[in-house]
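What follows is a short report on a single structure.
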Amino acid sequence: MSENSKKKQWEQAAGKDLKGKSPDTLNWLTPEGIEVKPLYDSGDTAGLESADTYPGIEPFVRGPRATMYSARPWTIRQYAGFSTARESNQFYRKNLAAGQMGLSVAFDLATHRGYDSDHPRVVGDVGKAGVAIDSVEDMKILFDQIPLDQMSVSMTMNGAVLPILAMYIIAAEEHGVPQEKLTGTIQNDILKEYLTRNTYIYPPTPSMRIVSDIIAYCSKNMPKYNTVSISGYHIMEAGADSVLQTAFTLANGLEYVKAAIASGLNIDDFAPRLSFFFGIGMNFFMDIAMLRAARFLWNELMGRFNPNKDESKMLRTHCQTSGWSLTQQDPYNNIIRTTLECMSAVLGGTQSLHTNSYDEAVGLPTDTSARIARNTQLIVQEESQVCHVVDPLGGSYYVESLTSSIIEKVRIILKEIEDLGGMAKAIESGMPKMRIEESAARKQARIDMGKDIIVGVNKYKIKEDAIEDVREVTSQVRDEQVARLNEIKAKRDNGAVEKALADLVKCAQSNGNLLETCLTAVRARATVGEISDAMEKVYGRFVATTQCISGIYSSEFGNSDIIKSLQKRTEDFMKKEGRRPRILMSKMGQDGHDRGVKVVATAFADLGFDVDIGPMFQTPEEAAKMAVENDVHVVGASSLAAGHKTLIPALIESLKKIGGDEIKVVAGGVIPPRDYEFLEKAGVAGIFGPGTVITEAANRVLNAIEKK
């Protein structure tokens with residue numbers, strides 16, 4: 001029987017199931033704008049340039065290596081770091097003994113932003129969302145008894161990348177391991193910081209020089225080390241769909257390649273050491289296809305530079321399961337979500353993988369949740385038997401068609417970016433950030449309306465099942481760090497430090513290699529903050545412009561009674577008070593993840609609030625001053641990095657000191673339920689955890705500010 005005859009028979013059978021309706025009524029339009037049919041056949045893959053390929057051979061759709069997991073499984077590389085270097089070291093060693101294969105270091109926000117632990121701007125940040133590193137002595141403790149000549153180490157660092165990489169190199173050197181033997185990856189992906197994560201320090205132009213200097217130094221001195229990990233993960237977490245994640249990630253990578261070539265490097269000298277980092281969400285097949293499409297497109301982009309090595313055109317990637325998809329409600333569902341995302345990354349052909357812990361919607365992972373997350377990978381690797389076949393979904397009509405659709409849509413966006421002058425120019429125009437924020441707002445609206453189902457949140461809800469065992473990092477960590485800082489400064493040769501820092505300033509003003517110059521400063525025991533300050537004298541510290549989009553959230557609701565009723569409430573408030581309800585959305589501390597605050601801001605604006613968005617990285621005193629000057633009714637404090645018990649009470653006290661007693665404070669974000677009572681006693685008028693429907697939050701805020 002011919003293909004057409006079989007398809008007609010299926011359509012007739014489907015018509016009976018659908019009571020005479022066409023099967024086309026089952027078509028689904030994905031957030032990426034790709035139409036998904038209920039049935040795929042050979043006609044959907046005929047002639048596709050990405051379909052008829054083999055693994056390990058250009059264009060690498062089916063995997064960068066010919067044998068993939070059948071010869072060697074992916075690396076289990078759990079991202080971790082918290083509190084002090086000593087505590088993180090103990091955690092690493094325990095995980096390595098239990099089957100983890102590589103290290104991935106999470107640094108605290110003070111370190112990311114180039115501040116030492118004793119800086120007044122980081123009171124609520126030290127050790128909270130990663131490990132605190134102030135000097136090479138901390139780095140030596142972090143890797144104590146870990147063989148750095150055998151262990152691949154990935155470090156997520158971009159803003160303070162120079163002092164951190166220099167400290168890693170010197171720590172290894174003083175542990176007896178020369179730099180040429182070091183293996184692993186430094187993220188060194190500054191462009192995505194301006195798009196999403198915001199842990200930048202300097203403006204884009206000098207930051208791109210830092211990227212190029214690291215590529216140049218490592219290409220010459222550290223041949224086994226990956227010099228850039230081009231990250232789509234944070235783009236996805238900020239709200240991008242799979243097409244946007246792929247397009248913006250590859251465009252960032254292309255920009256780094258151009259910068260390295262412009263600095264005099266040959267494509268084959270550095271391109272094989274570039275790696276990628278993709279985020280994997282809950283659209284199972286879409287993200288499998290995304291990884292396959294990304295390999296095809298990177299091969300195509302690198303072909304422009306005529307490299308001689310196949311490795312120069314080969315996209316290798318680490319993946320991490322989504323943190324955004326984890327829920328505070330019915331939290332054990334997160335184990336299932338992470339397992340599905342793990343399988344998606346594996347079937348897409350990742351080279352290494354981090355699986356999130358089920359409790360990360362409320363705090364840092366505990367030992368128990370971290371073990372479950374790690375064992376998720378071990379069970380898939382050892383028990384599911386997926387490792388025996390290279391690219392098991394290769395040839396799937398659906399997966400191959402999805403792969404091709406992503407390729408087509410990403411090419412359109414890449415062309416748009418190219419027309420703007422490249423990714424750096426596109427970032428300056430605001431286009432990528434706007435697209436990501438629009439995507440995030442649409443997604444939140446679909447969840448709030450129940451169009452996109454989140455089990456336990458907007459469907460199949462159960463009575464609250466809060467996680468009680470949450471890891472907490474106390475202020476004692478900061479005290480310990482400050483004490484060690486003082487001790488190091490008392491013992492070192494301060495004259496040598498001053499000379500090294502002066503040389504670094506001169507290097508920043510000239511054409512020397514910044515990483516090479518930083519190594520001398522680190523050997524002299526200069527700190528992260530001192531090195532960052534030295535370069536800030538030349539480059540300045542970047543301050544982003546914060547904008548709020550409008551109309552996206554409400555447009556997804558259409559002619560909704562919920563939206564109308566809230567808009568009427570804000571109109572009634574204006575008639576009574578003479579102005580609209582006014583809210584200041586504030587991100588205090590050094591956490592740069594602003595998806596939540598931006599989505600809430602755009603939604604509240606659509607509901608009739610006047611919305612002010614504070615600049616990133618406010619102190620409580622700065623936020624209070626802005627709230628009083630702007631005469632707001634309420635401050636919405638967003639917390640994602642465990643600083644809520646320090647920063648939010650300080651905000652309330654600051655408001656009282658300057659006459660803002662009547663201004664209400666509400667809090668949202670990653671806040672463990674066990675801390676709600678503490679915050680309420682401190683004066684917080686409302687707490688909105690992950691999964692809160694924004695329209696419900698708006699009603700509660702109005703209730704709070706209407707009380708007399």
Side-chain angles (χ1 to χ4, degrees), residues 158-159 161 187-198 200-216 219 227-236 238 240-271 273-278 293-307 312-313 315 317 406-439 539 542 544-545 547:
N158 304 284
V161 64
Q187 191 164 92
N188 196 26
D189 176 10
I190 198 63
L191 289 177
K192 70 99 173 45
E193 298 297 334
Y194 303 111
L195 279 178
T196 57
R197 193 162 172 257
N198 298 309
Y200 42 69
I201 301 175
Y202 315 109
T205 299
S207 292
M208 287 297 289
R209 176 193 165 178
I210 291 169
V211 173
S212 295
D213 279 7
I214 289 172
I215 291 173
S219 296
T227 51
V228 181
S229 175
I230 304 137
S231 175
Y233 181 82
H234 302 98
I235 295 171
M236 179 269 285
D241 59 42
S242 297
V243 165
L244 291 175
Q245 180 183 182
T246 306
F248 295 152
T249 304
L250 296 183
N252 283 345
L254 185 60
E255 198 80 357
Y256 297 134
V257 169
K258 290 177 179 177
I261 290 172
S263 72
L265 292 174
N266 181 281
I267 185 73
D268 288 316
D269 290 339
F270 69 89
R273 304 313 307 170
L274 300 177
S275 68
F276 286 79
F277 175 23
F278 281 93
R295 287 192 290 268
F296 178 94
L297 287 161
W298 187 246
N299 176 77
E300 184 173 77
L301 291 170
M302 290 301 95
R304 299 178 185 179
F305 302 100
N306 301 311
S312 297
K313 296 182 280 185
L315 183 147
T317 190
I406 293 173
I407 288 169
E408 290 175 13
K409 288 191 170 291
V410 170
R411 278 174 172 161
I412 293 169
I413 298 174
L414 289 174
K415 177 63 166 60
E416 188 177 350
I417 292 168
E418 198 170 305
D419 290 344
L420 288 169
M423 194 56 171
K425 294 290 186 184
I427 289 170
E428 289 177 9
S429 78
M431 181 273 278
K433 196 172 186 68
M434 196 67 70
R435 295 276 178 89
I436 293 167
E437 290 177 7
E438 287 175 0
S439 177
Y539 300 142
F542 181 72
T545 301
Q547 296 177 317

| Do I190 and V211 come within less than 4.5 Å of each other through their side chains, counting heavy atoms only? | yes

When every non-hydrogen atom of T196 is compared with those of A238, the smallest separation belongs to CG2-CB, 3.5 Å

CG (L195) and CD1 (I436) are apart, to the nearest 0.5 Å, by 5.0 Å

Hits for side chain to side chain contact (heavy atoms under 4.5 Å, CB included) against N266, two or more places apart or cross-chain, chain-then-number order -> D268, D269

By salt bridge (charged side-chain N to carboxylate O under 4.0 Å, His left out), E416 pairs with (sequence neighbours left out) R435

Rounding to 0.5 Å, atoms CG (N158) and CG (N198) come to a distance of 11.5 Å

Interatomic distance, CG@L274 vs CD1@I215, rounded to 0.5 Å, equals 6.0 Å

Applied to residues 245-265, the side chain to side chain donor-acceptor pair (under 3.5 Å) test, sequence neighbours excluded, yields D189-Y256

Check your understanding: Do T317 and W298 come close enough that some side-chain heavy atom pair is under 4.5 Å?
Key -> no

Sequence neighbours excluded, the answer for ring-ring contact (aromatic ring centres under 6.0 Å, His included) partners of F278 is none

Those residues at least two apart in sequence (or on a different chain) that pass side-chain hydrogen bond (donor to acceptor under 3.5 Å, both in side chains) with S207 are Y194

Next item on the list: Answer whether the closest heavy-atom distance between the side chains of F248 and V243 falls below 4.5 Å.
Entry: no

Residue set satisfying ring-ring contact (aromatic ring centres under 6.0 Å, His included) with Y233, at least two apart, ordered chain then number -> F277

So CG of N299 and CZ of R295: to nearest 0.5 Å the spacing works out to 11.5 Å

When rounded to the nearest 0.5 Å, the distance separating CG of L297 from CE of M302 is 11.0 Å

Sorted by chain and residue number, the side chain to side chain contact (heavy atoms under 4.5 Å, CB included) partners of L420 (sequence neighbours excluded) come out as A426, S429, M431

Quick note, salt bridge (charged side-chain N to carboxylate O under 4.0 Å, His left out) partners involving residues 296-307, not counting sequence neighbours, are E300-R411, R304-E418

Shortest non-hydrogen pair, A251 vs I417, comes out as CB-CD1, 3.7 Å

Contacts of Y539 meeting ring-ring contact (aromatic ring centres under 6.0 Å, His included) (sequence neighbours excluded), chain-then-number -> Y202

(Q) If you define the side chain from C-beta out and look only at heavy atoms, does anything of V228 sit under 4.5 Å from F270? (A) no

Those residues at least two apart in sequence (or on a different chain) that pass salt bridge (charged side-chain N to carboxylate O under 4.0 Å, His left out) with K313 are E58

Checklist line | Side-chain heavy-atom pair L315, L250 within 4.5 angstrom cut-off | finding: yes

Of all heavy-atom pairs linking M208 and A259, the shortest is CE-CB, 3.8 Å

When rounded to the nearest 0.5 Å, the distance separating CG of L191 from OG of S231 is 11.5 Å

Residues at least two apart in sequence or cross-chain that pass salt bridge (charged side-chain N to carboxylate O under 4.0 Å, His left out) with R273, listed by chain then number, are none

Closest non-hydrogen contact found for A247 with L414 is O-CD2, 3.5 Å

*Under 4.5 Å between any side-chain heavy atoms of I235 and L244, yes or no?*
no

Hits for salt bridge (charged side-chain N to carboxylate O under 4.0 Å, His left out) against K425, two or more places apart or cross-chain, chain-then-number order -> none

